[in-house]
Amino acid sequence: MKERKDIVEYYDSIASTYDSSRFGNSYGAFIDAQERKILSRFLAGEKGTTLEMACGTGRLLDFADCGVDASGEMLAQAAIKFPEKTLVQAAAHDLPFDAGSFNAVYCFHLIMHLDREYISDILNEVSRILRPGGCFIFDFPSAQRRKFSRRNQGGWHGNTELTLHDVRDLASNTFTIDKSCGIMFAPVHVLPKFLRGCARPLDSWICRTPMKNLASYIAVKLVKK
């Protein structure tokens with residue numbers, strides 16, 4: 001599955017409209033706000049250089065010093081927003097950085113597209129570029145939540161679901177789980193648009209309780225051993 005050209009080609013094709021179509025609405029704003037809050041909390045106290053992997057158009061690049069993505073078209077959009085930042089085109093399993101280059105790495109909306117073998121390779125590569133004690137933050141669809149959904153499985157787009165136990169098994173050789181949090185507990189897509197913003201504080205609170213495993217996504221912070 002290395003360097004999935006179909007995934008790269010897909011994101012190349014939607015780069016110019018990605019921000020407006022995915023996050024230029026109340027549903028996207030709900031997710032964006034929760035992800036930003038999680039990043040702020042998980043990165044609090046972290047010092048040193050930070051990398052956003054799969055940075056896409058740079059939606060969350062203000063938390064990082066450097067961004068990397070496999071899609072050149074997505075990076076072109078990011079460069080417009082952040083001309084001062086270092087942006088590199090590369091696949092997540094083969095990063096052009098020296099060992100121990102970063103204190104923190106994060107990515108959102110990447111792991112959900114990849115099979116477990118590729119995820120394992122990414123964990124090993126991120127471990128390589130992290131300094132001892134560095135952290136890796138990412139999200140994934142909750143397998144426990146999807147037991148209650150009628151989502152048709154198939155294709156690569158958002159098709160990989162995991163549990164925290166799965167992540168622990170995949171990362172056990174190089175990382176320990178430090179923190180985890182849910183993203184979007186409520187079925188936001190069925191809420192009236194005018195209620196979505198009001199519901200976010202309650203939703204964020206629930207996502208920090210043991211109910212987080214039933215949220216749509218789970219964000220996790222791993223620390224390198």
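Just the heavy atoms: all of them, side chains too, but no hydrogens, waters or symmetry mates, feed the values below. Just so it is clear, the structure is predicted and the values come from calculations on it, not from any experiment.
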Within the 3.5 Å criterion, strictly below it, is a donor on [X] or [Y] matched to an acceptor on the partner's side chain?
X    : Y    : result
H113 : Y11  : yes
D98  : S101 : no
Q34  : D203 : yes
Y118 : H93  : yes

Report yes if the side chains of [X] and [Y] come closer than 4.5 Å at any heavy-atom pair, otherwise no.
X    : Y    : value
T49  : L51  : no
M53  : I122 : yes
F136 : K224 : no
T50  : N103 : no
D139 : V220 : no
R208 : K179 : no
R168 : H165 : yes
Y18  : Q77  : no

Between [X] and [Y], what is the shortest heavy-atom contact and its length?
X    : Y    : answer
V105 : F102 : CG2-CB, 4.3 Å
A15  : T57  : O-CG2, 4.0 Å
S142 : A215 : CB-O, 3.1 Å
S204 : K37  : CB-NZ, 4.2 Å
C55  : L61  : CB-CD1, 4.1 Å
A29  : R200 : O-NH1, 4.3 Å

Point-to-point distance, once rounded to the nearest 0.5 Å, from [atom1] of [X] to [atom2] of [Y]:
X    : Y    : atom1 : atom2 : result
E35  : S40  : CD    : OG    : 12.0 Å
F140 : H109 : CZ    : NE2   : 13.5 Å
C181 : I183 : SG    : CD1   : 7.0 Å
C107 : E52  : SG    : CD    : 8.5 Å
L123 : L222 : CG    : CG    : 6.5 Å
T160 : I119 : OG1   : CD1   : 5.0 Å

message = Consider side-chain contact (heavy atoms from CB on, under 4.5 Å). Of K193, R22, M184, which one does Y27 pass it with?
response = M184
ask   = Among Q144, M112, R146, which one satisfies side-chain contact (heavy atoms from CB on, under 4.5 Å) with E161?
value =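 Testing each of Q144, M112, R146 against E161, the sole residue satisfying side-chain contact (heavy atoms from CB on, under 4.5 Å) is R146.
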Among the clusters formed by ILVMFWY side chains lying less than 4.5 Å apart, do [X] and [Y] turn up in the same one?
X    : Y    : answer
I206 : L214 : yes
W205 : F185 : yes
F82  : V68  : no
V88  : L75  : no
F138 : F97  : yes

ask   = How far apart are the C-alpha atoms of K225 and T174, what are their side-chain angles, what is the distance that settles it, and do they pass the side chain to side chain donor-acceptor pair (under 3.5 Å) test?
value = CA-CA 6 Å; K225 293 180 180 178; T174 49; over 6 Å; no
ask   = Within 45 degrees of the axis of the six-membered ring of F23 and under 6.0 Å from its centre: does R59 put its NZ or CZ there?
value =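 Judged by the rule (NZ or CZ under 6.0 Å from the ring centre, within 45° of its axis), R59 counts as positioned above F23.
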Keeping the roles fixed (side chain from [X], backbone from [Y]), state whether a donor-acceptor pair exists under 3.5 Å.
X    : Y    : answer
S20  : T17  : yes
E125 : A92  : no
R131 : G100 : yes
D178 : K221 : no
N25  : S21  : yes
R116 : L170 : no

key: Trace of the side-chain contact (heavy atoms from CB on, under 4.5 Å) decision for L60 with D32   = CA-CA 9 Å; L60 298 173; D32 180 75; 4.1 Å; yes
key: Test log, rule salt bridge (Lys or Arg N to Asp or Glu O under 4.0 Å), inputs K81 and D62   = CA-CA 10 Å; K81 299 175 190 172; D62 46 334; over 6 Å; no
ask   = Is the shortest distance from a Lys or Arg side-chain nitrogen in D65 or K85 to a carboxylate oxygen in the other one below 4.0 Å?
value =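 No, this pair does not count.
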key: Plane angle bin for Y106 and F63 - parallel if under 30°, tilted between 30 and 60°, otherwise perpendicular   = perpendicular
request  = Would you sort out whether F175 and V223 count as a side-chain contact (heavy atoms from CB on, under 4.5 Å), showing the intermediate values?
outcome  = CA-CA 5 Å; F175 292 96; V223 174; 5.7 Å; no
ask   = Step by step, would you call D166 with T163 a side chain to side chain donor-acceptor pair (under 3.5 Å)?
value = CA-CA 5 Å; D166 293 331; T163 65; 3.2 Å; yes
ask   = Between D94 and D121, is a side-chain contact (heavy atoms from CB on, under 4.5 Å) present by the stated rule, with each step listed?
value = CA-CA 9 Å; D94 187 19; D121 289 344; over 6 Å; no
